[in-house]
There are 2 protein chains.
Amino acid sequence: MIDSKVTELLKKTQLSVTDGRRRILELFLQHEGALSHGDIEKKAGEKFDRVTVYRTLQAFLEKGLIHSIPSSDNSIRYALCKEECSEGHHRDDHVHFICNQCGNATCLEELVVPSIKLPRGYTAQQVEVLVSGICKSCSSR
Amino acid sequence: MIDSKVTELLKKTQLSVTDGRRRILELFLQHEGALSHGDIEKKAGEKFDRVTVYRTLQAFLEKGLIHSIPSSDNSIRYALCKEECSEGHHRDDHVHFICNQCGNATCLEELVVPSIKLPRGYTAQQVEVLVSGICKSCSSR
DNA sequence: CAACAAATGCAACAAAGTTGCAAAAAGAAC
DNA sequence: GTTCTTTTTGCAACTTTGTTGCATTTGTTG
């Protein structure tokens, strides 16, 4: 069932359905939270080449299947986009949370980023809000 | 005059005053906006070893002289902290702006990040707001 | 200006990311 | 299903980025 969803998603974005893409997309669907390139390599790396992972993430990004979450420690993470996203048209306007304890990153889809009033002369095209702290599962331990 | 400020800053943070540190700190003071490791290497790299740049930035970060600005393109940038920052005690609560045209990053010190109300179970320790768009100097051209 | 502590440069590595190209797999047409 | 075309993959080679240990140099302190 998750398998058919994977295929459906790939078809919808006009990406040809290959083992690698299926596997990586599956990882995103299974894993609640964001994944870094490294994570994916670890989880699927024995079956696929490093280069394939790079190219797959690249393709997913371009097609609007996933979006990237900035980081200040050189480990950019990626997370699934909601259905409304498509090529070029990202609607990636939620807050991202990174746990300082477990290191996991999650999309807080229910929290829309606030609009920021910029100084005269500046034009905003995208706003990213990155909150770090202690996540739900870490604080309940 | 900028030279004495550089020395003063280093002294205040109990870093020994060396040519490399002076040069790099000078770059930050001169250059309005944030600098990536690469930028610094380009601007000062012929005089100093790559490793020195890494270690200097590391030291500046730890002492609270600079703070890092997350990115989603693997080019973390650094910018000078305000005076109030010190070891451990960062007061780095302003909005960061990245220009999609010229690529420069600036601290919008006058814009304090909004407080974000998180879902139950989450605790915020830091909030980072990253706005991208067109900056002042690019839009006036 | 000694004596000590700290920072630097170098070399050697490890890890991350990129590119070109031949082989393999997917998609389309019959 | 077979064939043809297009796309993707894996591999190799390479570039860039980041790390570590150690001897040498440079700063700091009295």
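Since the structure is predicted, the reported quantities are computational estimates derived from the model, not experimental observations. Below, chains carry the letters A, B, ... as their sequence lines are ordered, and counting in each starts from 1.
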In this structure, how many angstroms lie between the [atom2] atom of [N] and the [atom1] atom of [X], rounded?
X	N	atom1	atom2	result
B:Arg21	C:dG9	CZ	C1'	14 Å
B:Gln58	C:dA6	CD	P	17 Å
A:Ile76	C:dG17	CD1	C1'	11 Å

Original post:
Just wondering, do A:Arg21 and A:Ser16 contact through their side chains at under 4.5 Å, heavy atoms?
Top reply: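 Yes - at least one pair of side-chain heavy atoms lies under 4.5 Å apart.
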Original post:
Does any pair with a residue in residues 48-60 of chain B pass side-chain hydrogen bond (donor to acceptor under 3.5 Å, both in side chains), and if so which ones, sequence neighbours excluded?
Top reply: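 Sorted result for residues 48-60 of chain B: B:Gln58-B:Glu62.
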Subject >> Common cluster, A:Phe28/A:Leu9, ILVMFWY with side-chain heavy-atom separation under 4.5 Å >> reply: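 Yes; tracing contacts between hydrophobic side chains, which count when under 4.5 Å, links both residues.
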Subject >> Hydrophobic cluster identity match, A:Ile116 and B:Val112, side-chain contacts under 4.5 Å >> reply: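 No; B:Val112 is not reachable from A:Ile116 via cluster members.
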**OP:** Can you sort out which residues in residues 46-54 of chain A have a heavy atom within less than 4.0 Å of DNA chain D? Ascending by number, please.
**Re:**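 Residues of residues 46-54 of chain A that come under 4.0 Å of DNA chain D are, in numerical order, A:Lys47, A:Phe48, A:Asp49, A:Val51, A:Thr52.
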Extract all donor-acceptor atom pairs below 3.5 Å that involve side chains of residues 117-133 of chain B and protein atoms in other chains or at least two apart in sequence.
from     : atom 1 : to       : atom 2 : distance (Å)
B:Gln125 : OE1    : A:Asn100 : ND2    : 2.6
B:Glu128 : OE2    : B:His96  : ND1    : 2.5

Once rounded to the nearest 0.5 Å, what's the spacing between atom [atom1] of [X] and atom [atom2] of [Y]?
X	Y	atom1	atom2	result
B:Ile98	B:Ser71	CD1	OG	6.5 Å
B:Lys136	B:Cys102	NZ	SG	13.0 Å
A:Leu111	A:Asp93	CG	CG	11.0 Å
B:Leu35	B:Ile40	CG	CD1	5.0 Å
A:Leu80	A:Ile66	CG	CD1	8.0 Å

Original post:
Along DNA chain D, 5' to 3', what are the outermost nucleotides having an atom less than 4.0 Å from a heavy atom of chain A?
Top reply: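 Under 4.0 Å from chain A, the extent on DNA chain D is D:dT7 to D:dG18.
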Just the table, please: protein N/O against nucleotides 27-30 of chain C N/O, every pair under 3.5 Å.
from   : atom 1 : to      : atom 2 : distance (Å)
C:dG27 : OP1    : A:Val17 : N      : 2.8

Original post:
For A:Glu41 and B:Arg55, take the nucleotide of DNA chain C holding the closest heavy atom to each; which residue's nucleotide lies nearer the 5' end?
Top reply: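 Going by which nucleotide is closer to the 5' end, it is B:Arg55.
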Original post:
For D:dT29, which nucleotide is its Watson-Crick or G-U wobble mate, given both distances must be under 3.5 Å?
Top reply: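 Here D:dT29 is engaged in a pair, and the nucleotide opposite it is C:dA2.
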**OP:** Using heavy atoms to find the nearest nucleotide of DNA chain D for A:Gly20 and A:Asn74 separately, return the residue whose nucleotide is more 5′.
**Re:**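 The 5'-side residue here is A:Gly20.
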Subject >> Pairs satisfying salt bridge (Lys or Arg N to Asp or Glu O under 4.0 Å), at least one member in residues 22-46 of chain A, at least two apart >> reply: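 Checked against salt bridge (Lys or Arg N to Asp or Glu O under 4.0 Å) - neighbours excluded - the pairs reaching residues 22-46 of chain A are A:Asp19-A:Arg22, A:Arg23-A:Glu26.
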